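All remarks here apply to the structure that follows.
Computed from a prediction, not measured in an experiment: that's the story for all the values here.
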Number of protein chains: 2
Amino acid sequence: MARTAGRPPRSKAEILEFRSKIGKHALEIYRTEGFGAVSMRRLAREVGCAPMTIYAHFEGKTDILRYLWADVLTDMSHDIEKKLKSVVVPSERLQTAAQTFIAYWIDHPDHFRLVFMSNDVTRADVSTFVMDDNTLAHVLMFSDLIRNVLPQEHDVKMRTDTLISGMIGIAFCMITIPDYPWADATLMTKQLLTSIIT
Amino acid sequence: MARTAGRPPRSKAEILEFRSKIGKHALEIYRTEGFGAVSMRRLAREVGCAPMTIYAHFEGKTDILRYLWADVLTDMSHDIEKKLKSVVVPSERLQTAAQTFIAYWIDHPDHFRLVFMSNDVTRADVSTFVMDDNTLAHVLMFSDLIRNVLPQEHDVKMRTDTLISGMIGIAFCMITIPDYPWADATLMTKQLLTSIIT
DNA sequence: CATTAATATAGAACGCGTACCAATTATTAT
DNA sequence: ATAATAATTGGTACGCGTTCTATATTAATG
């Protein structure tokens, strides 16, 4: 298969390497100086390339920010796993996981905004959130926790999705509408869980 | 009461008038050309004042966008009221209201982003959402609907807040994470409601 | 009238995300 | 070497939200 002349496209490995290099620097900036400090121009400056070169590897800024999600999500996961260690009863495990999940976002509202709200309102057509395997694992964890409480239930997926969107909703509301006197998050989570396990 | 010399501060009425004038133009632009077209510079151009003058009356862009919320919220309210006309059973009324609420946001994702996500991630410290009387009325509507289903229940506030944050969560997730194969929104809403009315 | 304080204005500036383009530079097949 | 193709670069540009400064304008008091 005679390839045409000219410089060949970047190899898969080269693409990944560049992307992860950018992601690494973005994470560094984000960790030390916060979210607002992460900008395309600065990223290019620190990596040592022209600002426009980044656009050859990423769709845009949101595409870069996805590299920060993994960091936050594993951080949250560790919180949950730590709490789950001392809990054995299935229903209590589900309860603990849900409470820890919500508490994490409320305690780290900037992380929540980064993961769930780091999109441009003007670019609403572009899909913000892309589920990768890592993210999906967190969903599956809750799925398993529910299954352990309701072994013979077959609506597990629907219940899982309801729980997850409900938990995210509680965190979302308490973070973005802090002026409203929301009921206690723990109680709301409990209330939400009653619908899932009945 | 000897006032100091000099030009007196703007009267309350003047302030309100200017603010509502800006809001009116913002709404006009938003309606005809969408959210992305609303900008401070253009707003100033159309209103006929210097861009900086706006900053004397508004904290920033988010402060202006709040004027668009009322429009969206009453639009949604009308949807719910229309649907509720033919429903009399309290539990069905609650069900209908909830389903319509969620359907509205899913059908108008740009409105959802405008109301709930029109904040700057970099300015996370500033409270995005400010509850005014109009917004509060919608909360109270759900509160009443729940009370009608559970007349002797005293946890109505907590249940209301759980329902509202849960509904917003469902809409939020389905809008911002469209790639994930969410369970049917109607079923999730039903599932969510089971916790509220038990 | 003059003084004085509140307000409005113009203009420049900063950094931002993003787009476009012409000029390289790198790498391959011929 | 040469030609062809991909990748990168630099520069320019647009509009954005926002801040700053200096200068007018306004409307009250003395």
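- Rounded to a whole Å, the NZ atom of B/Lys61 is 15 Å from the P atom of D/dG15.
- The nearest whole Å value for the distance from the CD1 atom in B/Ile64 to the C1' atom in D/dT18 is 12 Å.
- B/Ile54 contributes atom CD1, which lies 11.0 Å from atom CZ of B/Arg41 (distance to the nearest 0.5 angstrom).
- At the phosphate of C/dA8, OP1 or OP2 sits under 4.0 Å from a side-chain N or O atom of B/His57.
- Minimum interatomic distance between B/Gln99 and B/Ala185 (heavy atoms only, all atoms of both residues): OE1-O, 4.5 Å.
- At whole-Å resolution of the value, CE in A/Met52 and P in C/dT18 are 9 Å apart.
- Across the protein-nucleic acid pair, B/Asp63 atom CG and D/dT18 atom C1' stand 14 Å apart, rounded to whole Å.
- Proximity of residues 15-25 of chain A to DNA chain D (heavy atom under 4.0 angstrom from any strand atom) is not detected for any residue.
- Atom pair B/Phe58:CZ and C/dA8:P shows a separation of 12 Å (rounding to whole Å applied).
- Atom CD1 of A/Ile54 and atom P of C/dG17 are 9 Å apart (whole Å).
- The CG-P distance, from B/Leu65 to D/dC16, rounds to 14 Å in whole Å.
- Note on B/Ser39: every side-chain N or O is 4.0 Å or more away from OP1 and OP2 of D/dG15.
- Comparing atom distances between the B/Ala56 side chain and each of D/dT8, D/dT18, C/dA8 picks out C/dA8 as nearest.
- Using cut-offs of 30° and 60° for the angle between ring planes, the B/Phe18 and B/His57 rings count as parallel.
- B/Trp182 places a side-chain N or O within 3.5 Å of a backbone atom of B/Ile177 that can act as its donor or acceptor partner.
- When the ring pair (Phe, Tyr, Trp, His ring centres under 6.0 Å) test is applied to B/Phe172, the partners found at least two apart in sequence or on another chain are A/Phe172.
- Using cut-offs of 30° and 60° for the angle between ring planes, the B/His111 and B/Tyr104 rings count as tilted.
- Taking atom CZ of B/Arg41 as the reference point, atom C1' of C/dT9 lies 15 Å away to the nearest angstrom.
- A sub-4.0 Å separation between OP1 or OP2 of C/dA19 and a side-chain N or O of A/Tyr55 is absent.
- Closest of all the heavy-atom pairs between A/Val87 and A/Arg93 is O-NH1, 2.9 Å.
- Nucleic acid contact for B/Met40: sugar-phosphate only, since backbone atoms but no base atoms lie under 4.0 Å from a heavy atom of the residue.
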